[in-house]
Amino acid sequence: MTKWRCSRALARSAAYIAVFAGGFWAFGAAAEETSFKEDIFPIIELRCLECHQPGGSGYEASGLDLRTYEGLMKGTKHGPIVTPRSAFTSSLIAVIDHRTDPSIRMPHDKKQMSKCERFAFRAWINQGANNN
């Protein structure tokens, strides 16, 4: 049996989904919103920021500056990559899920983000992609 080790964001997001769907958790915890500052930005710092800041290869190629919430929401030189409340239509999710051309999959030339990391991004976007 495989044990999944997921971040606090995954647990929080799972609780949010269960409550949203009308389910109840035995532990009675209220759903918490996924936080950009506490859940999303640490993943960006670890997995994305090396390339997606001025001087980085990802920034030079796309114009995407991930040092701030505002930079993420601005997107690339081709337009926004996050569609608040719609992870399905957000380009960010497509590239981190590796559903795009290999040349633009992220993180580029590195191991794919974990399911937990990708789930946190989906939950955050579906909750409105707030700067919280």
Side-chain angles (χ1 to χ4, degrees):
M1 180 179 251
T2 303
K3 279 190 170 183
W4 292 95
R5 292 182 182 240
C6 293
S7 67
R8 184 173 57 109
L10 179 61
R12 192 182 294 168
S13 299
Y16 175 80
I17 290 167
V19 170
F20 181 76
F24 293 96
W25 290 94
F27 54 83
E32 293 184 36
E33 202 171 5
T34 304
S35 166
F36 177 77
K37 181 181 175 184
E38 293 178 17
D39 302 315
I40 301 303
F41 194 69
I43 299 170
I44 291 172
E45 283 183 309
L46 180 66
R47 308 282 262 144
C48 314
L49 205 51
E50 179 182 337
C51 296
H52 287 284
Q53 62 179 320
S57 59
Y59 177 79
E60 299 303 323
S62 68
L64 180 60
D65 183 355
L66 294 178
R67 294 176 298 166
T68 64
Y69 171 82
E70 292 76 18
L72 171 61
M73 297 309 287
K74 179 181 175 188
T76 70
K77 59 187 173 186
H78 304 289
I81 61 169
V82 172
T83 306
R85 300 213 180 279
S86 183
F88 182 75
T89 61
S90 293
S91 299
L92 175 64
I93 300 303
V95 298
I96 67 173
D97 278 350
H98 288 191
R99 292 185 286 123
T100 61
D101 184 270
S103 66
I104 60 171
R105 290 178 181 166
M106 296 295 137
H108 192 61
D109 293 331
K110 294 184 180 175
K111 183 179 174 187
Q112 184 178 20
M113 286 185 182
S114 72
K115 288 180 182 181
C116 295
E117 290 169 327
R118 291 181 285 135
F119 187 86
F121 273 96
R122 271 190 212 84
W124 175 71
I125 291 170
N126 284 334
Q127 294 167 8
N130 298 312
N131 186 11
N132 53 359

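Numbers here simply count residues along the sequence, with the first being 1.
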Measure the CD-CD1 distance between Q112 and I96 for me, rounded to the nearest 0.5 Å. 8.5 Å
I need the full list of ring-ring contact (aromatic ring centres under 6.0 Å, His included) pairs touching residues 78-100, with sequence neighbours left out, sorted by first then second residue. none
Report the residues that fulfil side-chain contact (heavy atoms from CB on, under 4.5 Å) with P84, sequence neighbours left out, ordered by chain and then residue number. M73, V82, A129
Mind checking what makes side-chain hydrogen bond (donor to acceptor under 3.5 Å, both in side chains) contact with T100, not counting sequence neighbours? none
Qualifying residues under side-chain hydrogen bond (donor to acceptor under 3.5 Å, both in side chains), relative to T68, sequence neighbours excluded: none
For F121 and I44 the tightest heavy-atom approach is CZ-CG1, 3.8 Å
Hey, could you give me the CD1/OG distance between I43 and S114, rounded to the nearest 0.5 Å? 7.0 Å
The test is side chain to side chain donor-acceptor pair (under 3.5 Å); show your working for S86 and T83 and say whether it passes. CA-CA 5 Å; S86 183; T83 306; 5.6 Å; no
Minimal heavy-atom distance between S35 and N132, with the atoms involved, is OG-O, 3.1 Å
Which heavy atom of I125 sits nearest to which heavy atom of S90, and what is that distance? CG2-OG, 3.6 Å
Applying side-chain contact (heavy atoms from CB on, under 4.5 Å) to I93 and R99, what does each step give before you reach the verdict? CA-CA 8 Å; I93 300 303; R99 292 185 286 123; 3.6 Å; yes
With rounding to the nearest 0.5 Å, note down the distance linking NE2 in H108 to SG in C48. 13.5 Å
Would you say K77's side chain and A61's backbone share a donor-acceptor pair under 3.5 angstrom? yes
Residues two or more places apart in sequence or in another chain: which of them pass side-chain hydrogen bond (donor to acceptor under 3.5 Å, both in side chains) with N130? E33
Taking side-chain hydrogen bond (donor to acceptor under 3.5 Å, both in side chains) as the test, write out the residues that go with D101, two or more places apart. S103
Does any pair with a residue in residues 118-132 pass salt bridge (charged side-chain N to carboxylate O under 4.0 Å, His left out), and if so which ones, sequence neighbours excluded? D97-R118, D97-R122
Pairs touching residues 45-63 that satisfy side-chain hydrogen bond (donor to acceptor under 3.5 Å, both in side chains), sequence neighbours left out: R47-E117, E50-K110
Minimum-distance pair of heavy atoms, taken over all atoms of T34 and W124: O-CD1, 3.6 Å
If I take atom CG from residue L64 and atom CG from residue L72, how far apart are they, to the nearest 0.5 angstrom? 7.0 Å
D65: partners by salt bridge (charged side-chain N to carboxylate O under 4.0 Å, His left out), with sequence neighbours left out: R67
